[in-house]
Each structure stands twice: as structure tokens, then as C-alpha cells.
Amino acid sequence: MKKRVLIVGGVAGGASAAARIRRLDETAEIIMFERGEHVSFSNCCLPYHLSKTVENSNALVLMTPQRFLKQYAIEARVQSEVTSIHPAKKTVTVKNLQTGETYTESYDQLVLAPGANPVMPKSIAGIGQKHVFSVRNVMDIRALKLYIDVNQIKKAAVIGGGFIGVEVAENLKMAGLSVSLVEGTDQIMMPFDYDMVQILHKEMMDNGIALYLSSMLTEINEHSIQIKRQDKAETVDADVVVMAIGVIPETSLAREAGLAIGETGGILVNKNYQTSDPDIYAVGDAVESFNRMLHRPGRLALAGPAQKQARGAADHMYGGAAANKGFIGSSCIRIFGQNAACTGLNEKTAKNAGISCQFAYVMSPDKVGLMPGSHYMNFKLLFEVPTGRILGAQAIGRGNTDKRIDVIAAMISMGATLEDVKDLELCYSPVFGTARDVVNQAALVGTNLLEGRYRQVPVSKVRELVESGAYIVDVREEPEYNAGHIQGAHVIPLSQLRERMEEIPRDVPVYIHCRTGQRSYNAVCCLQGNGYKNVWNISGSFLGISLYEYFNDKVNGREPIVTEYNFK
């Protein structure tokens, strides 16, 4: 008997489910409903139309209804909104948004992929004005681009420092606008830890974006916005405003149909992506998933997980088993010249969850230094104590950070430990990496920390050390020290350390740093081998300290503790 499958929503979840069902069943009748004008488009590429990186907005549309019908025998009805579901009758009510006609369709199985809606708080005065936009689909980005071009907009404000907000801000800046980014917390890109994200803060500021952190939008006016920062009201010029403070799952259909909703606000699904009604499946941004790192429900609004869920749901319809393993949370972004990627837990999330953890922070070349285009990569590897199990990683640099994080994501999925990662065999060529890749290097550092071979302090504690008069030793060569150094640091180059060791006191804690952490580690080992008991390595060292302090000094108006910033 021919199966009839209805799908609510297209894009990553709905369109992937439809295509998989067709591959599994050539005879099935498949109808997809999309209330927008486009059933399949690249939502992740939307911001790049603003800078004309994607010059023609038509290129954002991946599949048309005509191609779905001709190539896959799937009927895709756009501008068709499913307004209600009747589980007992196994029917849905559909409204044709062009004609206003309402009709009923029956199903054997139903797939919900309605996605998520941008958060647009009605409490913000002026949020309904014509120059306020959100970015969810092709029509949204076209409308925003058209408004900017027609009105010759020069100043924009982006509200929200997540993926969409940062990408919109970057592309508006690349398009020649003056851009302000307003974020309610003390950092952009919350999947990254505060120490790591300073590199991204600096990159945005260096490229002319005005950052307003720990700032709340209170009012939108015709040519400005009002924000509250540190209990003070400020006015920021803006002729266009883009709201990107987050999304909420589209669950109204599911709720009205009596389907169960999870504790995080998404549609509750089981291992096979079935809702509380076994003939109704749900996938994508609208569902509640499982955070396999924290062992509790969570949500992850990304295209990759939506596609995997869609395939799992379709497989289960035809007798297969879905591999619903939850998510570990892997993502990446480019911000001007910096590439940033992360996976698993970050330090703050792990500690808030009560997980005993430690991290290795290394700055290593992304390829052999002799090769053109070699740059330092900042890499933070989080591991569980005392097991050494890999919990997460973050990488930021001008090279292939995504490649390194993909390695860690795979290792996390396999339950790997530091021991597994430190000896992991990876590809090597001078033009691609180093013989001991930053991934291996971080695991080696982590192993040393786990085994207690030495102790470290993070770059975020250096100001505290300086202001308390701690004994800090700079083991770089004197020309490096003269080009920029930490206030009050004692310069004893590694090349002279053994001859000048007696200059270093034995009765107080001693903190060692260099440019990247490598020479300072060797200095720590040397001092410990000569009887020093209270020696600490500063993780990240001078380059990391400079990057961290640069932003904090600039934003908070503090006196620098580093005499000169040297980021080369």
C-alpha cells in the first residue's frame, strides 16, 4: 500500500527527510509544506549576501519546487502554512497564503521541521519599526540588503553576539557600513571561554566594529538606539538595526496538537525522533535533543544535526534504527582574518556542571615556520581530572582551526583520553602543519599537568600577579623583552638561566613566561631539576597575555600591565 508522508517545513530538516524517504520508497507520496517562498535555501550563507560575497541572492536558493518534483517526485508547496494538526484523524489543515484558501490533507506519517523563530522582544520600545530586521530566510536578507541600498544606510547596529550577529556585523562592515555590535553578556561567541574570545574581540575592534558588551538594548529610535551599560544609558547612532539575540523553537503546532514539549522548550522526541504520537516525527531546530557531554536535554540549532536527525527519522519509518546519540556541540566561524572553532564543553560550562577538569593552553605554529603563511594558533584543550578524558577544545588562528577541532570532535565521540590524543597519528607536511601538531602538543601538555610534572596559572591571572608584586621571570632574549614586556618582570633568558639561576629566589613563588609557553616550560623543568619547589608556568605566555590584556585594557580603561603589544 502506498505510504503518504506530509512534511511541515523545508530547509535542512524537512528537505533532507523528504529526500531520504524518496530514496527508501519510490512509491511514497511525499508532500512538503513551507509557509515561506523558498523550500530549500542555505540559511548559513544568508549574512554573506550583505557583503556580496554571495553576490546574487538567487544563489542562496538551493532547490525549487519544480526541481523537487522533476528530480525526486516530491511535491513542495510554498507559501502554504500548516495551521493545525489533528492526530486522531491523521490530518492537517493547510492555508494557501496566496489565495487564502484552507484545505485538509491526510497522512500516514507526519514530519515536523518548522525550525525556530528569531527572538523579537516586544518590551523593547520601537522594535516594530520598518528599519528593524531579523535574519531567518532569503526574503529577510533581501529585504535588509534592499533597505540598506535604497536608503544609502551608513550606520548599523547589530544586537546579539552569537553566530548570526557576528557574521551579519562582519559582512555589513565589509559592505562599507559603520557597525556597532551590542551584546548583553561580557563576551561574544558564548561557546568559547572568556580568555580565548579576547582574540575575537580584538579582531573585531581592529577591523572597526564598535563593541558594546554587558550592554542591554532598551529602545530603538529612527536614527539611534538606547542601551544600558554599567547602569548608564548611552546613545548609539544607527539607521538600521538587526536583531540577532537568539531563536526559540517553533512549537505552536505541536503544542496545539497536544504533543509533549521537553524541559528546554523544544518538541520532545524519542531515540527515533518520534514525538509523543508515534506517527508524528520531529527534527531540526524545533526539537529537544540530548547533550551527551552533560548527560541532559539540550538544543542545538545547526544544519548538520538537523540533517542527521532527518535521516534517522526517515530510516525509522521504514524499519531502521535511528542513531540518536545526541550532540557534543561542534561549530566554527570566520571573523575577518581569524578562524575560530570549538567542540564539546568549554571550561565555564564544565565547571558550572560540577565536572572536575583542567585545561592545556598552547600557542603553536599552524604550519612549519619557514613556510609562507605560518601563524600561531591558540589552542585550548579541556580534560577531565583524574581520568584524562577529553571534554572539549577551542582553537583560534589564521590557519585551519576547523581541521584541528574536527580531530578532537572525533576523539570525543570515541571517548578518547589525553593518552589517545598525544600519540594520534596525523598527516604532516610543512605546508599543512608541523611534525608535532598543535593537537598532539596540547595533549602532551595536558598529560604533564595531569601527572603533576609542573603547575600553571592562566593568562587571566597575570594582572593579579603583577599588582600583588609576584616574582615573574621572562625567559625570552633581551631584544624580545625590550620590544615589550610585563611590568616588573625580571629578564633572565633561557640561554643564560643556568648561569644566573641564583638570582631567582627560592623562598617565594616564581612565575615563568616566554612568548608562547615552550621556553618557559623548559625553564620550569630546569628550575625544578635544580631544587626549586614553587615554580609556575604562565600558560599562553607573553603573546597570550598581550591578547588577553589588550581588550580588557581598551574596554575597561585600565593601565596596561604589558609595556607594548606584540602580536606578530
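- For Arg22 (side chain) and Ala28 (main-chain N/O), a donor-acceptor pair under 3.5 Å exists by modelled atom type.
- Using a 4.5 Å heavy-atom threshold, the side chains of Phe163 and Met189 count as touching.
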side-chain hydrogen bond (donor to acceptor under 3.5 Å, both in side chains) evaluation trace for Gln518 with Ser520: CA-CA 5 Å; Gln518 186 175 20; Ser520 59; over 6 Å; no
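- In this structure, Tyr212 and Ser180 have side chains that are in contact, with non-hydrogen atoms separated by less than 4.5 Å.
- Under a 3.5 Å cut-off, the side chain of Asn137 and the backbone N or O of Asp140 do form a donor-acceptor pair.
- A donor-acceptor contact shorter than 3.5 Å is absent between the side chain of Glu183 and the backbone of Leu213.
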Derivation of the side chain to side chain contact (heavy atoms under 4.5 Å, CB included) call for Gln358 and Phe383: CA-CA 6 Å; Gln358 201 169 3; Phe383 55 92; 3.6 Å; yes
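- Crowding of Lys271 atom NZ: a count of heavy atoms from other residues, nucleotides or ligands under 6.0 Å exceeding 12.
- Between Phe41 and His38, the angle of the ring planes goes over 60°, which puts this pair in the perpendicular group of the 30/60° scheme.
- Heavy atoms only, all atoms of each residue included: Ile261 and Ala254 are closest at CD1-CB, 4.4 Å.
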Phe290/Phe327 under ring pair (Phe, Tyr, Trp, His ring centres under 6.0 Å): CA gap, chis, key distance, verdict: CA-CA 6 Å; Phe290 179 73; Phe327 64 86; 8.2 Å; no
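- Side chains of Asn378 and Ile199 form a contact here, defined as non-hydrogen atoms less than 4.5 Å apart.
- Within the model, atoms CG of Asn339 and CD1 of Ile396 stand 10.0 Å from one another, a figure rounded to the nearest 0.5 Å.
- Annotation: side chain of Met377 is not in contact with side chain of Ser364 (no heavy-atom distance under 4.5 Å).
- Across all non-hydrogen atoms, the minimal contact from Pro87 to Ala257 is CG-O, 3.7 Å.
- Note that CG of Leu259 is 9.0 Å distant from CG of Leu253, once rounded to the nearest 0.5 Å.
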From CA spacing to verdict: side chain to side chain contact (heavy atoms under 4.5 Å, CB included), Met363, Phe542: CA-CA 10 Å; Met363 302 183 73; Phe542 185 73; over 6 Å; no
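- Few gaps surround CZ on Phe336; more than 12 heavy atoms of other groups in view lie less than 6.0 Å from it.
- Salt bridge Glu288/Arg299: absent, no basic N to carboxylate O contact under 4.0 Å.
- Closest of all the heavy-atom pairs between Arg404 and Val439 is CG-CG2, 3.6 Å.
- At distances below 3.5 Å, not a single donor-acceptor pair connects side-chain atoms of Thr401 with backbone N or O atoms of Gly397.
- Closest non-hydrogen pair, Ala360 versus Ala442, comes out as CB-O, 3.3 Å.
- Interatomic distance, Asn448 CG to Leu418 CG, rounded to the nearest 0.5 Å: 10.0 Å.
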Working for side chain to side chain contact (heavy atoms under 4.5 Å, CB included), residues Ile164 and Val168: CA-CA 6 Å; Ile164 294 296; Val168 166; 4.0 Å; yes
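- Checked options Ile7, Asp279, Ile280; the residue passing with Gln109 is Asp279 (criterion: side-chain contact (heavy atoms from CB on, under 4.5 Å)).
- Considering only heavy atoms from C-beta on, Ile267 comes within 4.5 Å of Leu112 through its side chain.
- Side-chain atoms of Leu60 and Ile141, non-hydrogen and from C-beta on, do get closer than 4.5 Å to each other.
- Nearest heavy-atom pair across Pro278 and Ser276 is CD-O, 3.8 Å.
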Stepwise side chain to side chain contact (heavy atoms under 4.5 Å, CB included) check, Gln394 with Phe379: CA-CA 6 Å; Gln394 301 158 54; Phe379 195 92; over 6 Å; no
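- Between the side chains of Glu347 and Thr349, no donor-acceptor pair is found at a separation under 3.5 Å.
- Residues Arg292 and Ser413 have side chains in contact (heavy-atom distance under 4.5 Å, counting atoms from C-beta outward).
- Figure legend: cation-pi geometry between Lys380 and Tyr361 absent, as NZ or CZ is not positioned both under 6.0 Å from the six-membered ring centre and within 45° of its axis.
- Put simply, NE2 on His375 and CD on Gln338 are 9.0 Å apart, with the number rounded to the nearest 0.5 Å.
- Within the 3.5 Å criterion, the main-chain N or O of Ala443 finds a donor-acceptor partner in the side chain of Thr447.
- There is a side-chain donor-acceptor pair under 3.5 Å between Asp420 and Thr417.
- In this structure, Tyr194 and Tyr548 have perpendicular ring planes: the angle between them is above 60°, well past the 30° mark.
- Judged purely by atom type and a 3.5 angstrom limit, His201 uses its side chain to pair as donor or acceptor with the backbone of Ile188.
- Shown here is Met120, whose CE atom has more than 12 heavy atoms of other residues, nucleotides or ligands within 6.0 Å.
- The minimum heavy-atom distance linking Pro305 with Leu302 is given by the pair CD-O, 3.4 Å.
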Full working for salt bridge (Lys or Arg N to Asp or Glu O under 4.0 Å) between Arg334 and Glu203: CA-CA 11 Å; Arg334 185 205 68 192; Glu203 186 72 7; over 6 Å; no
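- Between the side chain of Arg398 and the backbone N or O of Gly337 there is at least one donor-acceptor pair closer than 3.5 Å.
- Using modelled atom types, one side-chain atom of Asn270 and one backbone atom of Gln274 make a donor-acceptor pair closer than 3.5 Å.
- With contacts defined as side-chain heavy-atom distances shorter than 4.5 Å, the pair Val462/Val457 does not qualify.
- Residue Tyr72 places its OH atom among 12 or fewer non-hydrogen atoms of other residues, nucleotides or ligands, all under 6.0 Å distant.
- For the pair Ser541 (side chain) and Ile538 (backbone), a donor-acceptor distance under 3.5 Å is present.
- With respect to Asp25 and Lys3, no salt bridge is recorded, no charged nitrogen being found less than 4.0 Å from a carboxylate O.
- Under the 3.5 Å distance criterion, the side-chain polar atoms of Asn537 are left unmatched by any main-chain donor or acceptor of Ser539.
- Here CD1 of Ile85 is found 6.5 Å from OH of Tyr107. Values are rounded to the nearest 0.5 Å.
- Asp285 CG to Arg136 CZ: the interatomic distance, rounded to the nearest 0.5 Å, is 8.5 Å.
- One side chain, Tyr550 or Asp206, offers a donor N or O that lies under 3.5 Å from an acceptor on the other.
- Atom CZ of Arg453 sits in a sparse spot, with 12 or fewer heavy atoms from other residues, nucleotides or ligands closer than 6.0 Å.
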